[in-house]
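To start, the structure itself, in structure tokens.
None of the values given here were measured: they were computed from a predicted structure.
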Amino acid sequence: MKRPRRSAAISLFVALAVASAFVIAMAGCSGHNDEASTPASKAPDASQAKDDNLKTLNVGSDLYPPFVYTDEYGDIVGLDVEILTEALARIGYKPKYQLIDWEKKKELLASGELDCVMGSFSMTGRENEYRWAGPYLASRQVVAVDPQSDIYTLADLEDKIVAVQSTTKPEGILLNRTNENVPQIKELYSFSDGSYLNPALVEGLVDAVAAHESSFLTYEKDYGVTYRILDEPLLKVGLGTAFDINDTRGIDVKLTHAYQEMLADGTMERLVSKYFDDPSPFLNMEGLS
């Protein structure tokens with residue numbers, strides 16, 4: 001059975017329709033969470049004194065809201081920042097975040113410039129490339145459709161047109177059919193910019209869109225759109241914090257225990273609830289690939 005054809009370039013008509021249908025400035029990421037946006041300089045004096053007693057770990061990430069983004073003060077904030085700050089404090093550390101070229105993360109870890117990297121980073125398929133702390137949350141790649149669509153399962157995608165962002169996991173899954181529950185689709189549109197997915201769906205240019213579940217939930221919250229996300233994921237993985245493979249300090253082990261404590265005592269649920277209305281998909285660790 002032939003593989004679906006990827007449309008590397010959409011016709012000028014389609015591109016113009018997408019561009020005109022929904023133009024949104026994605027720079028407004030600071031609106032994800034007012035609490036998360038409070039600069040460190042405004043923290044209570046007692047907390048600052050306690051913070052000064054913690055050892056610093058240099059943490060690298062790229063921007064991936066709401067997990068990691070910059071607020072109106074230019075501070076690096078987000079769900080992963082809050083999770084790591086809490087977990088490290090439990091083992092005597094504090095994070096110092098810096099934005100990096102994500103492609104150079106392994107090199108920066110090996111050189112010692114970074115102690116670890118984090119930012120919605122999937123452990124799956126990379127288990128032997130790093131020393132991992134985690135998983136601390138579950139992450140799903142999913143398919144979303146219009147609420148009135150007759151697509152309810154992955155099987156219903158047969159002979160349908162689906163859009164993805166290029167070079168993402170959903171693109172690889174749909175092109176190569178690495179998920180046995182994915183049928184033969186009619187065509188796959190691969191956009192270089194993920195912001196084109198929603199207008200393509202709204203305008204009826206595609207039957208479904210596929211991406212990281214958090215991106216759909218964030219889009220719904222920020223822009224008032226509504227998706228129906230299929231219950232069956234394309235892929236479900238665990239998110240972790242990566243250390244250099246030769247790092248023998250044991251921080252990864254301690255951090256893993258801190259994450260487990262946070263999952264057990266409700267801290268993780270409280271933090272995730274600040275960013276997502278329903279935290280349950282992120283806290284369910286069963287069935288991780």
Donor-acceptor side-chain pairing of Tyr136 and Asp80 below 3.5 angstrom
yes
Mind checking side chain to side chain contact (heavy atoms under 4.5 Å, CB included) for Ser273 and listing every partner two or more places apart, or none if nothing turns up?
Glu269, Pro279
Side chain to side chain contact (heavy atoms under 4.5 Å, CB included) partners of Asp101, counting only residues at least two apart:
Glu103, Lys104
For Lys106, all residues meeting salt bridge (charged side-chain N to carboxylate O under 4.0 Å, His left out), sequence neighbours excluded:
Glu129
Answer yes or no: is there a donor N or O on one side and an acceptor on the other, between the side chain of Ser61 and the main chain of Leu99, under 3.5 Å?
no
Separation between CG (Leu57) and OH (Tyr97), nearest 0.5 Å, reads 10.5 Å
Set of residues satisfying side chain to side chain donor-acceptor pair (under 3.5 Å) with respect to Arg228, sequence neighbours excluded
none
Establish, from distance only, whether the side-chain atoms of Thr178 and Asn176 form a donor-acceptor pair under 3.5 Å.
no
Is there a donor in the side chain of Thr241 and an acceptor in the side chain of Tyr259, or the other way round, less than 3.5 Å apart?
yes
Which ILVMFWY residues are connected to Phe121, directly or by a chain of links, through side-chain heavy atoms under 4.5 Å apart?
Ile100, Trp102, Leu108, Leu109, Leu114, Val117, Met123, Tyr130, Trp132
Asn246 side chain to Ala110 main-chain N or O, any donor-acceptor pair under 3.5 Å?
no
Return the set of residues passing side chain to side chain donor-acceptor pair (under 3.5 Å) with Glu220 (not counting sequence neighbours), or none when no residue passes.
none
Identify, with sequence neighbours excluded, every residue that meets side chain to side chain donor-acceptor pair (under 3.5 Å) alongside Thr56.
none
Sequence neighbours excluded, every pair satisfying salt bridge (Lys or Arg N to Asp or Glu O under 4.0 Å) that has a member inside residues 249-259
Asp115-Arg249, Asp247-Arg249
Interatomic distance, Arg177 atom CZ to Gln184 atom CD [nearest 0.5 angstrom]:
5.0 Å
I'd like to check the side chain to side chain contact (heavy atoms under 4.5 Å, CB included) partners of Thr256; sequence neighbours left out, ordered by chain and number.
Ala133, Gln260
So the side chain to side chain donor-acceptor pair (under 3.5 Å) pairs with at least one residue in residues 137-151 (sequence neighbours excluded) are Ser139-His212, Arg140-Glu213
Got a sec, which residues hit side chain to side chain contact (heavy atoms under 4.5 Å, CB included) with Leu157, two or more places apart in sequence or on another chain?
Val143, Ile151, Leu154, Val162, Pro183, Ile185, Ala208
Main chain of Ser214, side chain of Thr218: is a donor-acceptor contact present, judged purely on distance under 3.5 Å?
yes
If you look only at distance, which donor and acceptor atoms sit under 3.5 Å apart when one is on a side chain in residues 231-239 and the other is two or more places apart or in another chain?
unit_1 : atom_1 : unit_2 : atom_2 : d
Glu232 : OE2    : Asn181 : ND2    : 3.0
Lys236 : NZ     : Asn284 : O      : 3.0
Lys236 : NZ     : Glu286 : O      : 2.7

